[in-house]
Amino acid sequence: MNGDDVLSIGARKVETVLATLLVRANQVVTNDQLIGELWGERPPRRALAALHVYVSQLRKFLGVGRRGESPIVTRSPGYLIRVVGDDLDLDVFRRLVLMGREHMRAKRYEEASATFAEALDLWRGPALGDLREGSIVQGFATWLEELRLECVEMLVEADFMLGRHRELVSFLYTLVSEHPLHEAFYRQLMLALYRSDRQGDALQVYRVAREKLTAELGIEPCRALRDLHRAILQADDRLDDGGRARESLVFVDQLHPQPFAMLVNGDNESSQHWPPPLLSTPMVSVVMAYPYGRWVPFNSMRR
């Protein structure tokens with residue numbers, strides 16, 4: 001960034017091309033795949049020519065401030081965008097999540113809580129915003145949102161280990177309101193309330209969860225939620241703070257997000273690439289342009 005000048009991409013289809021290339025950073029995205037993201041199953045007659053124009057515009061845009069060099073490379077049968085180091089916030093996010101897991105397993109709960117919170121601070125809204133019309137971008141956004149929710153769950157678990165149950169109650173009420181079908185947040189809220197000497201409120205949360213799940217999906221709560229409900233009714237001693245370590249560490253070990261490729265098409269070839277050890281793919285809601293060092297939002301890119 002240099003000075004106070006602001007650059008932004010105003011054309012939606014150009015944004016879509018950039019988002020798709022970033023989702024498959026350092027991998028070739030074919031012309032057909034890009035056309036599919038732009039127009040779906042009904043592309044215009046001159047779709048390929050229009051795609052070349054959009055890529056040309058992107059190259060000029062991304063080359064500003066970089067001596068005319070662009071990270072977009074033509075590579076048959078399409079294009080790829082080169083990304084290195086910490087160019088993408090997702091690299092940082094993914095690394096922080098992995099670091100937080102290691103802190104949890106080593107019982108360094110203060111460090112784990114701080115690390116998960118730092119990872120979540122990178123978020124500025126829904127992944128990819130409203131650029132979710134194509135299967136590649138939509139699949140990636142779904143995968144990334146699941147990873148974010150897992151990070152939130154692990155942050156709560158780390159804070160449980162530090163005895164912060166009362167502090168978490170209002171936060172967890174917000175989470176169940178925003179994600180009414182996410183049973184893990186109901187479980188955590190029930191536990192936080194019970195350990196805050198609010199057994200009746202914890203049981204009420206279970207009733208709300210059950211009503212929501214049966215009304216929306218026609219199913220009963222999951223076994224973990226039912227078991228917790230039963231334990232609260234029985235005032236099971238294992239729910240006290242002394243039982244936190246075993247519960248939380250098992251929870252963390254169970255969190256292994258599925259590869260992104262499985263959400264898109266499930267083919268073996270794609271599964272070999274997703275996710276790489278540290279994903280070089282963007283959290284595009286917060287990282288959507290190419291200045292000197294880090295990806296920043298389109299509307300706040302400076303040169």
Side-chain angles (χ1 to χ4, degrees), residues 96-97 99-121 123 126 145-257:
L96 287 170
V97 171
M99 188 184 305
R101 290 177 186 271
E102 291 303 316
H103 286 319
M104 286 291 285
R105 294 189 179 101
K107 301 183 179 181
R108 297 188 294 267
Y109 305 124
E110 287 281 3
E111 293 89 340
S113 176
T115 302
F116 292 136
E118 183 180 354
L120 292 169
D121 282 344
W123 284 75
E145 176 62 16
E146 287 300 316
L147 184 59
R148 185 187 72 85
L149 291 178
E150 289 181 358
C151 185
V152 174
E153 291 177 38
M154 290 189 288
L155 171 62
V156 172
E157 293 293 327
D159 284 346
F160 274 173
M161 302 299 292
L162 298 169
R164 298 171 178 169
H165 309 101
R166 294 181 187 274
E167 301 171 36
L168 288 167
V169 168
S170 60
F171 176 57
L172 286 166
Y173 267 118
T174 300
L175 288 175
V176 298
S177 176
E178 293 176 348
H179 306 279
L181 301 180
H182 197 81
E183 292 174 87
F185 292 145
Y186 286 110
R187 177 187 67 82
Q188 291 177 323
L189 176 57
M190 290 168 62
L191 192 57
L193 288 167
Y194 181 80
R195 289 177 178 168
S196 300
D197 301 320
R198 296 172 60 179
Q199 182 180 12
D201 289 336
L203 295 173
Q204 177 61 26
V205 168
Y206 179 81
R207 285 192 288 271
V208 170
R210 185 173 183 274
E211 290 173 0
K212 179 65 68 173
L213 291 167
T214 54
E216 295 287 334
L217 304 177
I219 61 174
E220 291 292 323
C222 66
R223 180 175 178 179
L225 211 54
R226 297 198 308 270
D227 288 348
L228 178 58
H229 176 247
R230 187 179 306 108
I232 290 174
L233 287 171
Q234 298 172 353
D236 194 319
D237 291 341
R238 289 174 295 180
L239 296 181
D240 295 335
D241 289 0
R244 289 178 300 172
R246 179 175 62 255
E247 176 187 359
S248 293
L249 290 177
V250 169
F251 172 82
V252 170
D253 286 336
Q254 290 174 345
L255 291 179
H256 296 291

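Everything numeric here is computed off the predicted structure, so don't read it as measured data. Side chains are part of it too, since the values below use all heavy atoms of this structure and drop only hydrogens, waters and symmetry mates.
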Please round to the nearest 0.5 Å and tell me the distance separating atom [atom1] of [X] and atom [atom2] of [Y].
{"X": "Leu203", "Y": "Met190", "atom1": "CG", "atom2": "CE", "value": "6.5 Å"}
{"X": "Glu146", "Y": "Arg148", "atom1": "CD", "atom2": "CZ", "value": "10.0 Å"}
{"X": "Leu155", "Y": "Leu168", "atom1": "CG", "atom2": "CG", "value": "7.5 Å"}
{"X": "Asp240", "Y": "Arg238", "atom1": "CG", "atom2": "CZ", "value": "11.0 Å"}
{"X": "Leu193", "Y": "Gln188", "atom1": "CG", "atom2": "CD", "value": "12.0 Å"}
{"X": "Ile232", "Y": "Gln199", "atom1": "CD1", "atom2": "CD", "value": "7.0 Å"}

Do [X] and [Y] come close enough that some side-chain heavy atom pair is under 4.5 Å?
{"X": "His229", "Y": "Pro221", "value": "no"}
{"X": "Tyr186", "Y": "Leu228", "value": "no"}
{"X": "Met154", "Y": "Met104", "value": "no"}
{"X": "Glu167", "Y": "Asp159", "value": "no"}

Of the non-hydrogen atoms in [X] and [Y], which two are nearest, and what is the gap between them?
{"X": "Ala158", "Y": "Ala112", "result": "CB-CB, 4.1 Å"}
{"X": "Tyr194", "Y": "Ala202", "result": "N-CB, 4.1 Å"}
{"X": "Cys151", "Y": "Val97", "result": "SG-CG2, 3.9 Å"}

Please step through side-chain contact (heavy atoms from CB on, under 4.5 Å) for the pair Phe185 and Val156, ending with a clear verdict.
-> CA-CA 9 Å; Phe185 292 145; Val156 172; 5.6 Å; no
Going through the distances and angles, do Arg198 and His165 end up as a side-chain contact (heavy atoms from CB on, under 4.5 Å)?
-> CA-CA 11 Å; Arg198 296 172 60 179; His165 309 101; over 6 Å; no
Output all residues satisfying side chain to side chain contact (heavy atoms under 4.5 Å, CB included) with Glu111, sequence neighbours left out; order by chain, then residue number.
-> His103, Arg108
NZ/NE/NH1/NH2 to OD/OE distance under 4.0 Å, Arg187 and Glu157 | yes
Give every donor-acceptor pair under 3.5 Å between a side-chain atom in residues 169-182 and any protein atom, sequence neighbours left out.
from   : atom 1 : to     : atom 2 : distance (Å)
Thr174 : OG1    : Ser170 : O      : 3.2
His182 : NE2    : Glu153 : OE2    : 2.6

Contacts table for residues 204-211: side-chain donor-acceptor under 3.5 angstrom, sequence neighbours left out:
from   : atom 1 : to     : atom 2 : distance (Å)
Gln204 : OE1    : Arg207 : NE     : 3.0
Gln204 : OE1    : Arg207 : NH2    : 2.8
Arg210 : NE     : Glu220 : OE1    : 2.8
Arg210 : NH2    : Glu220 : OE1    : 3.4
Arg210 : NH2    : Glu220 : OE2    : 3.0

